[in-house]
Amino acid sequence: MRTPKSIYLFFLPGLLLYSVFFLYPTVSALFYSFTNWDGFSDAFQFVGIDNYQRAFTADSIFRKTIGNNLKFMFVVVIFQTLVALAFALIMLKNTKTTIFLRALYFFPTILSSVSVAFIWAFIYDPSLGILNRGLSVIGLDFLAQNWLGNANIAIYSLAITQVWFHAGQMLIIFVAGLQAIPQEMYEVAKIEGASKWQTFRKVTWPLLAPSATIVVAYTTIQSFKAFDLVFAMTGGGPNYSTEIIATYIYSVAFEGYQFGYASAISVIFMIIIAFITFLQFKALRSDRVSY
Amino acid sequence: MLFRRFSLIVYALLILIPLLVVMLTSVKTLQETFANPLAFPEGGIKFDNYIAIFQEQTMAGYFLNSTIVTLFSVTLTLLFASMIAYGITRLNSWIGNALFVLFTLGMMVPAQVIMVPLYSLMLDFGLTNSLVGLILVNISSTLPIAVFILTGFMKTLPKELFEAATIDGAGNWQMFAKVAIPLSLPSLSATAIFLFVMHWNDLLYPLLFITDNAYKTLPLALLEFQGQYSTNYPMLFTGVIIASAPMVIAYVFLQRFFVAGMTAGAVKG
C-alpha cells in the first residue's frame, strides 16, 4: 500500500532544527579544528593539523585530562555496575519493601547535577563536612581528608559522587533484565544440583548480558559527559587534577579564546567516545545468548 | 539474610542522610550549621533563609524561566519526534532507515562536543540571552533519544490498523493524530518524563548562552549562588530545595512513571 507523499512533511520541523543546531555544528567543529580561530574575530587562518599535533605532543594538560577521564570512568563503571548488580540481585522480588527501596535508591537521578554538587561539596567539606565529622565520631580521624582539595584523591571523590547520583538508575535496569529471566531456568539448575555460583555463571550471567551491555555502555558515556558535576564541584582543580576532556574544552574555548584548538579537542573527544562505545558493544555482545 | 538486610539499610541511609541534612540545613542559621552540621537547630526551625533568598534573588523569575523553557522544550520535542517516528514507521523504505540512523547518531555525540561551534552559531543568529534560543537548542539535543524511543514503540503497532484507516480514507495527518498518537501514549508519557527531568535540570546550555539575569534558569542561577554565598550552605540548600521541588513533588506522585521514563532511554537500546 502506497503512503501519500505528505509523509515527508512529518520530517520537516525536526529535521530542520536538527540540521541547523546539531549537524551543522558537528561538521563545523571539524572545519574549525584546522584553523586558529579565536571565536570572535572575522579573520582566521588554516593551520593544517597543527592543533592536533599540539594536542598530542605539546599539551601536557590535555594528556592529563584524558588520564583523569579514564580514572573517573574506570571507578564509576566498576563501582556503579557492581553496586547496581549486587543490589538488583538481592531485591528482585516485588514486595512493598523492595518497591519502596528501589524508588528511594533511584531518587538522586531526578536531581540536577548542581544540586548534587552542592550536597556533596558539603559532605566533603574539610572542616564542617559530615564525612570528616562522621569519621571522627567513630574514631577514624586519621582517614579524614580534604576530599576535593587533595589533588591525589579529588577525581575519586567525584567518581563516588557520580555513583551515588546514578547507581539507582542502573539498578532498575538490572532488575528489569533479571525479572525477564524465565523462572524455569532456575528450577532446572536446582534439579541438576548446580551450586549458587554455577547458577549465576551459567544461567543468570548469560541472560543478563544484554542489560549489562546497556548499563556499562550507558555508564561509560555518562562518565564522559559528567561536565556539570565536575564544573560545579571543583571546576577542574586543584591543579587540573579533576579536569576532564569536556571541562577542558570549555576552558580552552571560553576562558582561553582558542576556538580552533578547542574544536580539535572536541573532534578527538568524539572519536574516543565512538571508539569506546564500539569496543564495548563488540566485547559484551559475544557473551549474549537467547532462549 | 541478615547481611542482605544490613546492606539495604546502609544504602538507604546513604541516600536519606544527605537529603535530610539538606532539609535540616535549610532551616538553620549559618552559625548553627558551623556549630554542628548534623544537629537539630537550637533556636528551632526558622524559614528565614527562604524569605532571604526570595528577597536577595529574582527567584520567581528564574522559576518562571525554567518553567517556560521546560514546558516548550518537552512539548515541541515530543511533537516533532513523534512526527518523525510516525514518518519512519510509515515510510518503511531505505529513506526511513537512513533518517533513523541520522537521528540516532545524535545520541552518540555528547553536547560538549559541539558547544564551541554551537556558541558561535547562536551568537550569529542573535539567539544568546533568549529563552527561544534555549528552547530551540534543547529540542535539537533531545530529539535523537526521543525519536529512538518513539520509533521503537511505533514499529510494534500492528500495520493493519494503518491500512484499515487508509481504506477508510484517512490521510497521514488524521492517521497520525487519531491512530498513532493515541496508541503511543504509554511510550509518549515515559519519554515526556525523561525529557522533563533532562530539560529542568540542564546546566550546559544556559551556562553557554545566558549571561543576563532576566533569562537565567534555576540550575544556572543556583550555580552562581555558589560564587555569591560561598560556603553559606543554609542559603545554597534553600536554593537546592526550591529548584528541586517540582521534580520531587512529581516524583512522589508519579514514581512508577518516572522509573519507566528515566530508564526508557537506556533500556530500549
Side-chain angles (χ1 to χ4, degrees), chain A residues 1 3-4 6-7 10-11 13-14 17-18 21-22 24-26 28-29 32 39 87 90-91 101 103-115 118-119 122-123 125 128 130 133 164 169 172-173 176 214 218 224-225 227-228 232 246 249-250 253 259 262-263 266 269-270 273-274 277, chain B residues 4 7-8 11-12 14-15 18 21-22 33-34 37-38 80-81 83-84 86-87 90-91 99 103 106 108-110 112-118 120-121 136-137 139-140 143 163 166 171-172 197 201 203-204 219 222-223 231 233 236-237 240 243-244 247 251 255 258-259 262-263 266-267 269:
Chain A
M1 196 164 298
T3 311
S6 67
I7 194 72
F10 281 77
F11 294 102
L17 282 178
Y18 186 65
F21 294 104
F22 178 79
Y24 171 74
T26 308
S28 57
Y32 287 127
F87 278 88
I90 62 173
M91 46 197 310
L101 285 176
L104 179 68
Y105 299 162
F106 186 84
F107 181 83
T109 309
I110 65 156
L111 297 174
S112 74
S113 309
V114 186
S115 300
F118 285 2
I119 296 171
F122 186 63
I123 293 176
D125 194 294
L128 78 164
I130 55 179
R133 291 212 184 198
W164 184 86
Q169 191 181 4
I172 300 281
I173 297 174
I214 292 160
Y218 201 73
F224 273 92
K225 287 188 188 175
F227 176 90
D228 300 17
I249 295 173
Y250 182 88
F259 273 44
S263 298
S266 305
F269 186 32
M270 199 163 10
I273 290 195
T277 317
Chain B
R4 269 185 199 194
S7 323
L8 291 174
Y11 193 176
L14 285 176
I15 305 286
V21 168
V22 169
T33 307
F34 274 115
L38 291 173
F80 296 161
M83 283 165 67
I84 292 167
Y86 174 80
R90 296 292 295 149
L91 259 181
L99 283 167
F103 277 107
M108 297 283 180
V109 183
Q112 295 95 345
V113 167
I114 59 162
M115 66 184 168
V116 175
L118 190 58
S120 50
L121 182 85
L136 293 176
V137 176
I139 297 171
S140 72
L143 205 56
E163 279 160 17
T166 313
N172 269 322
V197 178
N201 291 333
L203 171 70
L204 185 68
L222 207 54
L223 182 75
T231 53
Y233 286 106
L236 293 179
F237 286 165
V240 165
S244 325
M247 281 296 133
Y251 184 65
Q255 225 180 73
F258 264 77
V259 171
M262 288 302 288
T263 45
V267 175

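Keep in mind the model is a prediction, meaning the values are calculated, not measured. Each chain gets a letter, A, B and so on, in the order its sequence line appears, and its residues count up from 1.
With a threshold of 4.5 angstrom between heavy atoms, B/Leu223 approaches chain A through its backbone and through its side chain. Contact annotation for B/Val113: both backbone and side-chain heavy atoms come within less than 4.5 Å of a heavy atom of chain A. Residue A/Ala274 does not touch chain B at all, counting heavy-atom pairs closer than 4.5 Å. Interface residue A/Leu101: only side-chain heavy atoms are found under 4.5 Å from chain B. With a 4.5 angstrom heavy-atom cutoff, A/Phe122 touches chain B via backbone and side-chain atoms both. For chain A, the nearby part of B/Phe237 is the side chain; its heavy atoms alone come within less than 4.5 Å. In this structure, chain A has heavy atoms under 4.5 Å from both the backbone and the side chain of B/Thr33. Both the backbone and the side chain of A/Tyr250 have a heavy atom closer than 4.5 Å to some heavy atom of chain B. Proximity to chain A is limited to the side chain of B/Leu143, based on heavy atoms less than 4.5 angstrom apart. If you measure heavy-atom distances from B/Ser7 to chain A, the contacts under 4.5 Å come from both the backbone and the side chain. Residue contact with chain A, scored on non-hydrogen atoms closer than 4.5 Å, involves the side chain of B/Leu121 exclusively. Looking at B/Val116, both its backbone and its side chain come within 4.5 Å of chain A, counting heavy atoms on both sides. Looking at A/Leu17, both its backbone and its side chain come within 4.5 Å of chain B, counting heavy atoms on both sides. No part of B/Ala243 comes within reach of chain A, as not one of its non-hydrogen atoms sits under 4.5 angstrom from that chain. Residue contact with chain B, scored on non-hydrogen atoms closer than 4.5 Å, involves the backbone and the side chain of A/Leu111 alike.
Counting heavy-atom pairs under 4.5 Å between each of A/Asp228, A/Thr109, A/Ile123, A/Thr26 and chain B puts A/Asp228 at the top. With respect to chain B, the highest number of heavy-atom pairs below 4.5 Å among A/Phe259, A/Tyr32, A/Tyr18 belongs to A/Tyr18. Residue with the most contacts toward chain A among B/Tyr11, B/Tyr251, B/Phe103: B/Tyr11 (heavy-atom pairs, distance under 4.5 Å). Interface check for chain B: of the options A/Ile130, A/Ile249, A/Ile273, A/Ile110, the most heavy-atom pairs under 4.5 Å are formed by A/Ile110. Ranked by non-hydrogen atom pairs under 4.5 Å with chain B, the options A/Ala103, A/Pro108, A/Ala29, A/Ser263 are led by A/Ala103. Taking A/Tyr105, A/Phe107, A/Phe87 one by one and counting their heavy-atom pairs under 4.5 Å with chain B, the maximum is reached by A/Tyr105. Interface remark: of the candidates B/Val22, B/Ile84, B/Val197, B/Ile84 forms the most heavy-atom pairs closer than 4.5 Å to chain A. Contact count against chain B (heavy-atom pairs under 4.5 Å) is highest for A/Trp164 among A/Tyr24, A/Trp164, A/Phe269.
Not less than 6.0 angstrom separates the ring centroid of A/Phe106 from the ring centroid of B/Phe258.
Nearest approach of B/Gln112 to A/Lys225, heavy atoms of both residues: NE2-O, 3.2 Å. Taking every heavy atom of both residues into account, A/Pro25 and B/Pro117 meet most closely at O-CG, 3.2 Å. When all heavy atoms of B/Ile114 and A/Phe22 are compared, the closest pair comes out as CD1-CD1, 3.9 Å. Considering all non-hydrogen atoms of both residues, A/Arg133 and B/Phe34 come closest at NH2-O, 3.1 Å.
Using a 4.5 Å heavy-atom threshold, the side chains of B/Asn172 and A/Phe10 count as touching. Residues B/Leu203 and A/Ser112 form no side-chain contact, since every pair of their non-hydrogen atoms from C-beta on lies 4.5 Å or further apart.
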B/Leu136/A/Phe21 under side chain to side chain contact (heavy atoms under 4.5 Å, CB included): CA gap, chis, key distance, verdict | CA-CA 8 Å; B/Leu136 293 176; A/Phe21 294 104; 3.9 Å; yes
Apply side chain to side chain contact (heavy atoms under 4.5 Å, CB included) to the pair B/Tyr233 and A/Asp125, showing each step before the final yes or no.
-> CA-CA 11 Å; B/Tyr233 286 106; A/Asp125 194 294; 3.5 Å; yes
Give the intermediate values and the outcome of side chain to side chain contact (heavy atoms under 4.5 Å, CB included) for residues A/Ile7 and B/Tyr86.
-> CA-CA 9 Å; A/Ile7 194 72; B/Tyr86 174 80; 3.6 Å; yes
